[in-house]
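Just so we're clear, the structure is a prediction, and the values are computed from it rather than from any experiment.
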Amino acid sequence: MISGPPKYFTYNWYQADKWVNALADLSPEIVATGHGKPMEGREMRQQLMDLALNFADRAVPRYGRYVAEPAVTNRDGVVSLPMVPKKQGTVWALVSSVAVIALGCVYFSRQRSRKEILSLPNFS
């Protein structure tokens, strides 16, 4: 099965998409990527075309440093890197923690009020 480029090495997903499409347009007879066994034939070309047509869904990760913005390079090396995105999960974890603490405070406050009412002297 043909998969997209390795997520941990790809720093420009737009360019990777262009290269996969260019390779699919060549309709190669054999693909030898340097890892795994060489692939050939009609099934390989269909898988390559499928990857090219559905690259964003099949290859590009949902989040990561280079998903929204690529690293900028030239022949001397790295020119600039995009900021590291903050994970939304951290925000949700903080909001959830605050909500649980608030609910706990309300619960224990009501329990204390209930105990105080039960411990009032009966003057009847």
Show the nearest heavy-atom pair for residues [X] and [Y], with the distance to one decimal.
X: R58; Y: I2; value: NH2-O, 2.9 Å
X: P5; Y: A16; value: CG-CB, 4.0 Å
X: A52; Y: A24; value: CB-CB, 3.8 Å
X: L23; Y: L48; value: CG-CD2, 3.8 Å
X: A59; Y: K7; value: O-NZ, 3.4 Å

Other residues, nucleotides, ligands: >12 heavy atoms within 6.0 Å of K18 NZ: no
**Request:** Might you confirm whether atom CD of Q15 has over 12 heavy atoms from other residues, nucleotides or ligands at distances under 6.0 Å?
**Result:** yes
Just verifying a value: how many Å separate [X] [atom1] and [Y] [atom2], rounded to the nearest 0.5 Å?
X: Q47; Y: S3; atom1: CD; atom2: OG; value: 9.5 Å
X: M44; Y: M49; atom1: CE; atom2: CE; value: 11.0 Å
X: R45; Y: M39; atom1: CZ; atom2: CE; value: 11.5 Å
X: D57; Y: R62; atom1: CG; atom2: CZ; value: 9.5 Å
X: T10; Y: R65; atom1: OG1; atom2: CZ; value: 15.0 Å
X: L51; Y: M1; atom1: CG; atom2: CE; value: 9.5 Å

- May I ask whether V78 and V67 are part of the same hydrophobic cluster, defined by side-chain heavy atoms of I, L, V, M, F, W, Y residues being less than 4.5 angstrom apart, directly or through others? yes
Any donor-acceptor pair under 3.5 Å from D50 side chain to L53 backbone:
no
| query | Yes or no on side chain to side chain donor-acceptor pair (under 3.5 Å) for D17 and N21, after CA distance, side-chain angles and deciding distance? | reply | CA-CA 6 Å; D17 187 7; N21 275 279; 2.7 Å; yes
Check your understanding: Mind checking whether Y11 and Y66 have parallel, tilted or perpendicular rings, split at 30° and 60°?
Key -> perpendicular
